[in-house]
Amino acid sequence: MTNWDDYRYFLAVAEEGSVSAAARRLETTQPTVGRRIAELEKRLNAKLFQRSHNGYLLTELGELVRDRVKVINGESQWIEHKVSYIDKSPIGRVVLSTTEDIGYFWLSNLLGNFHAEHPEIDLDLIIGYHAVDIINGEADIALRVGDPRSQDLVGRCLGQVRFGLYASPEYLARNPEPKCVEDLAQHNIIESVRQMNNFPQTAWLRENSDGARVSFTCDNIMVELSAVEAGLGIVALPVYMISNTANVQQILKEDFDLALDLWLLTHRDLIKIPRIRAVIDFLTEHVHDRLIPERR
């Protein structure tokens, strides 16, 4: 009958190079390690080590066994890691993916409160526009604007992120404020490109400003905010980015009223893990703190 624990002793000796070092690593005695190695070699009817004054050297067969045991050991650690998800308390690392604007204008203001409530959770943020692969473990939770649902993911719509058209007072002092959508053709437009090319707000502005001069192109929403503040033209931005910004003003409020769902997503296997649940509950509780203001 195979005793897989013997291979743990074998791997320790193979990696440490001596029985004494393996014993220290395994927190046991040298005779115990030596006996387990001898039992394994007897059961396999094979020589796994050459004993020498330099320590235990792997035989050719021993090297083959070591390589396979390392794979099995890695798989067993993966199993233990998965099982460890079933915790009793919210402790450990949680990887959260979101966009740069949500991270900067909303989430960063909440991190102090989150740490005070959950000091034993280590929050790891992935910032970017690309959709991370939650199914394959790139992140535990994602905050995404749009409709990114998948049959392998579970989540909830936290509300709608509203967008507006913005220009700076300086720009509007040089150019008459547009009174209708058709007037956009006579203005300068800040156009989103590359990874932002297919965003709904980008498509709307592009389709409704035919003939306008594109004064600036960019693939980063934070830079776009700086560009509109600098008077380069008109751009569509989330309303929550503007609430504390005095250098821009909203235009065409009646004509441009875009709202996109904000989804909080995770994998169905993670939803009941206490630390994942704690982050989800915290974000849900605070989503109306500026990000999606409650309508009065």
Side-chain angles (χ1 to χ4, degrees), residues 97-110 125-131 143-146 158-263 287-295:
S97 168
T98 193
T99 58
E100 186 175 14
D101 46 305
I102 291 178
Y104 181 82
F105 285 96
W106 179 64
L107 191 56
S108 61
N109 297 317
L110 300 175
L125 296 183
I126 298 178
I127 301 296
Y129 298 115
H130 69 287
L143 272 174
R144 299 179 186 170
V145 175
L158 300 182
Q160 289 190 315
V161 174
R162 307 199 73 81
F163 289 77
L165 290 180
Y166 294 95
S168 71
E170 177 189 352
Y171 174 84
L172 294 175
R174 301 193 311 267
N175 303 273
E177 181 176 342
K179 301 302 182 184
C180 62
V181 173
E182 288 72 22
D183 290 347
L184 291 174
Q186 309 303 318
H187 283 266
N188 294 340
I189 300 299
I190 297 171
E191 185 170 25
S192 303
V193 294
R194 288 179 285 276
Q195 57 188 342
M196 299 175 63
N197 184 61
N198 295 319
F199 287 0
Q201 66 272 24
T202 301
W204 188 98
L205 187 57
R206 184 185 300 118
E207 292 168 4
N208 289 277
S209 61
D210 188 33
R213 179 177 179 268
V214 177
S215 60
F216 184 72
T217 60
C218 184
D219 62 358
N220 185 287
I221 201 168
M222 305 288 286
V223 177
E224 287 185 340
L225 175 59
S226 297
V228 72
E229 288 180 307
L232 270 66
I234 297 170
V235 72
L237 295 172
V239 172
Y240 63 77
M241 289 180 63
I242 311 301
S243 57
N244 291 332
T245 302
N247 295 331
V248 298
Q249 66 185 62
Q250 192 171 358
I251 61 174
L252 296 177
K253 292 183 181 180
E254 300 300 323
D255 298 285
F256 182 82
D257 186 25
L258 178 66
L260 300 176
D261 291 340
L262 176 68
W263 281 88
V287 71
H288 296 298
D289 298 351
R290 183 178 177 183
L291 184 62
I292 302 178
E294 292 183 290
R295 297 205 165 188

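Bear in mind that the values here come from a model prediction, so they are computed numbers and not experimental data.
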Q. Can you name the side chain to side chain contact (heavy atoms under 4.5 Å, CB included) partners of A185, sequence neighbours left out?
A.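 With neighbours one apart ignored, the set is empty.
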Could you list the residues that satisfy salt bridge (charged side-chain N to carboxylate O under 4.0 Å, His left out) with [X], not counting sequence neighbours?
X	value
E170	R174
D255	none
R206	E191

What pairs with [X] under side chain to side chain donor-acceptor pair (under 3.5 Å), at least two apart in sequence or on another chain?
X	result
N175	none
N208	none
S168	none

Strictly by ring pair (Phe, Tyr, Trp, His ring centres under 6.0 Å), give each pair with a member in [range] just once, sequence neighbours left out.
range	answer
residues 210-238	none
residues 163-186	Y171-H187
residues 195-214	Y129-F199, W204-F256

Q: Please report the closest heavy-atom contact between P169 and N247, naming both atoms and the distance.
A: CD-O, 3.1 Å
Q: Determine the minimum heavy-atom distance between A236 and L165, stating which atoms define it.
A: CB-CD2, 3.9 Å
Does [Y] offer a backbone N or O that forms a donor-acceptor pair with the side chain of [X] under 3.5 Å?
X	Y	answer
S192	N197	no
N109	F105	yes
T202	N198	no

Considering only distance and modelled atom types, tabulate donor-acceptor pairs under 3.5 Å from the side chains of residues 176-183, sequence neighbours left out.
from	atom 1	to	atom 2	distance (Å)
D183	OD2	K179	N	2.9
D183	OD2	C180	N	3.4

What distance separates [X] [atom1] from [Y] [atom2], expressed to the nearest 0.5 Å?
X	Y	atom1	atom2	value
E229	E224	CD	CD	12.5 Å
Q195	N220	CD	CG	7.5 Å
W263	L143	CH2	CG	12.5 Å

Q.
If the test is side-chain contact (heavy atoms from CB on, under 4.5 Å), which one of I221, I102, V145 qualifies with P238?
A. I221
Q: Using side-chain contact (heavy atoms from CB on, under 4.5 Å) as the criterion, point out the one residue from I189, N188, I190, L225 that pairs with V235.
A: I190
Q: Go through the steps to decide whether L262 and V287 satisfy the test side-chain contact (heavy atoms from CB on, under 4.5 Å), and finish with yes or no.
A: CA-CA 10 Å; L262 176 68; V287 71; 4.2 Å; yes
Would a 4.5 Å heavy-atom cut-off, applied to side chains only, mark [X] and [Y] as touching?
X	Y	answer
I251	I234	yes
R144	T98	no
L258	P200	yes
Q250	I242	no

**Q.** Criterion side-chain contact (heavy atoms from CB on, under 4.5 Å) on L184 and L252, from CA distance to verdict
**A.** CA-CA 10 Å; L184 291 174; L252 296 177; 3.9 Å; yes
**Q.** Sequence neighbours excluded - salt bridge (charged side-chain N to carboxylate O under 4.0 Å, His left out) pairs with any residue from residues 97-108
**A.** none
